[in-house]
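Quick notes on the structure that follows.
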Amino acid sequence: MRPRLHNLIFLCMAIGIAVGLPLAWSNGPKDADKNGFVTRQEWADAGEPADAFAAEDLDADGNIDVGWYHETLLWLDLVGKIIFIGLLKMIIAPLILVSIVAGITSIPSFGEAGRIGWKALAYYVVTTTVAVTLGLVLVLLVQPGDRGNVETMRTDRLAEIERADAAFRAETGLDPTLEENEARWLTYLAAREGEVRGERYERVASKKDRSTYDMFVDDIVRPMIANPFASLTTRNSLGIIFFAIVLALACMAVGEPARPLIDLFQAANHVVMRITIWLMAISPFAILCLLAAIVARHGPAVFETLGWYCGTVVAGILIHSAFLLLVVWVVGRKSPLAFIRGIREAWAIAFATRSSAATLPVTVRCVTKNLGVSPKVANFTLPVGATLNMDGTALYEGVAVIFLIQIFGSMPDVGITLELGHVVLIFVTAVLASVGAAAVPDAGLVTMVLVATAVGLPVYYLPFIFAVDALLDMFRTSVNIMGDAIGAVVVDRLEGDPAG
Ligand code: ASP
């Protein structure tokens, strides 16, 4: 008997973790040079015993060869990240365009398209609001930023600030505690942080001086009305979605003369779906490689360091999932168990790829084939939902920023005591950040700048949660696509039942 795809995927996930753990345990330094060498200092910083390498592993300068570890990661990344995610990305832009146009144009009338749209929108607003509220309530109750080894983080941070303080005094001859020097001191500190945090920090820092209005315009409005050809080549999902909706509505308004174009999109939709089914066939092995690489890089230690934070986000996501299952049961009139069975393939792919967009083809297939949602509703609501409706991301944004304020609020360069106004501001910006986040890995981390900046948390504090972000991204992406799938079920149910 041929194993079912999702069973194979779960088996491969287990093997991936089993391959990744010994790699994580066997080697500490994660950033070997391109030839696979690390310095003795990097070796020691990673907590490796000073004599835990053979003499032949040393080069002329005494650097240590961790080539085998490095090469294993390269191969895992090649299959998982470069080839598999690359193939999924290849199909994302055409898929979103074609599936939305085909979805909307398969609806018989304008009125119906509007009805589906409004129902989906109402569902997105309600579920995203519940998600953010839940996250905020949990993080304020659990207070993860005051638990665990948080004192060590505060002490480490204060020591860093003291080193920066000494360097600032030496370089400028100014006293950073005087008010007239404060702006210069903070800028100096940020620049110093930018230098030491690497490329991901740069991505965050480059957006740091923008106001919430600027971010709304730059991250939401402008991408939406961009040149559609540019959107397709840059995988600007918001732009593709907006253009696809306009194009489809125009086709419907034109009517019969637009028939050839509508037929072309319908045919293209079938073809794109077939390509997706082919990709699914290789997904288990790719997932094995992806997970092995993540576990090898981060190891189980990530749980120890930021365990409370992860626990709060994951608990929030689980409670929200239970709420969503209640919605699918009560409003969608579908048994939660049947729903879970129908969606688990998509869930596994979301977990491993950390991208709602990459999972989209599978979500569409699960929702239409396993859950019996009509293609017209699925093809319309799922691509829009994958980009705009991210319950997990919204929940996590609020938890993360409040967590960081709980830990670092008292630092001299932050100075925030949480008040209701902060929480309200975080609520609003977390929703915006989730809408603006692209459906790709780590997108929520980048848009978190919007939330942090609004509330006055310096963005260079965000890297403190980088280490566990990939892990949390797995959970939030899973609930993101779950929310989209339930949206499709609910809208389909309300569409099929005129009384509803
Ligand atoms: N990876 C998430 C998604 O694709 C977005 C995020 O980073 O929160 O749904």
Side-chain angles (χ1 to χ4, degrees), residues 80-81 84-86 88-89 91-93 95-96 124 127-128 131-132 134-135 200 203-204 207 219-220 223 235-238 240-241 287 290-291 294 309-310 312-314 316-317 320-321 324 343 346-364 366-367 381-401 403 429-452 462-463 465-488:
K81 266 196 201 150
F84 182 62
I85 303 242
L88 288 170
K89 283 186 184 158
I91 203 72
I92 290 170
L95 176 100
I96 295 181
Y124 297 158
T127 52
T128 305
V132 186
L134 181 63
R200 292 179 103 183
R203 270 166 74 200
V204 170
K207 298 190 166 188
D219 296 343
I220 297 176
R235 286 195 296 272
N236 162 17
S237 305
L238 274 181
I240 302 174
I241 289 180
I287 286 170
L290 278 168
L291 267 191
I294 289 172
Y309 161 62
C310 292
T312 309
V313 174
V314 172
I317 282 174
H320 189 68
S321 305
L324 288 177
I343 200 71
W347 179 82
I349 302 239
F351 196 81
T353 61
R354 304 191 283 125
S355 165
S356 303
T359 314
L360 182 59
V362 191
T363 319
V364 173
C366 288
V367 164
T381 58
L382 289 176
V384 177
T387 312
L388 305 182
N389 178 47
M390 296 192 183
D391 295 1
T393 306
L395 184 148
Y396 136 95
E397 300 275 348
V399 175
V401 170
F403 166 71
T429 48
V431 173
L432 279 182
S434 76
V435 171
V440 297
D442 294 335
L445 188 64
V446 176
T447 54
M448 196 186 290
V449 175
L450 194 147
V451 189
L462 301 188
I465 51 171
F466 277 2
V468 287
D469 199 67
L471 179 86
L472 293 180
D473 201 5
M474 293 176 169
F475 286 92
R476 60 182 195 256
T477 308
S478 308
V479 82
N480 286 348
I481 67 109
M482 185 176 165
D484 300 338
I486 292 180

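Indexing begins at 1, ligand by ligand and atom by atom, following the structure's order.
Of all the heavy atoms of Arg354, the ones lying under 4.0 Å from any atom of ligand 1 belong exclusively to the backbone.
With contacts defined as side-chain heavy-atom distances shorter than 4.5 Å, the pair Leu395/Arg476 does not qualify.
To the nearest 0.5 Å, atoms CG (Asn389) and OG (Ser434) are separated by 8.0 Å.
For Ala394 against Val132, the heavy-atom pair with the smallest separation is CB-CG2, 3.5 Å.
With Asn480 contributing its side chain and Ser356 its backbone, the two residues share no donor-acceptor pair below 3.5 Å.
For ligand 1, the polar-atom distance check against Gly444 finds a nitrogen or oxygen pair separated by under 3.5 Å.
Between the side chains of Thr381 and Asp484, no donor N or O sits under 3.5 Å from an acceptor N or O.
Listed by number with element, the atoms of ligand 1 under 4.0 angstrom from any heavy atom of Thr477 are 1 (N), 2 (C), 3 (C), 4 (O), 9 (O). The contact set between ligand 1 and Thr393, taken as ligand atoms under 4.0 Å from a residue heavy atom, comprises 5 (C), 6 (C), 8 (O). Near Ser355, meaning under 4.0 Å from any of its heavy atoms, are these atoms of ligand 1: 4 (O).
For atom 4 (O) of ligand 1, the candidate residues are Ser356, Ala386, Ala357; the nearest heavy-atom contact is made by Ser356.
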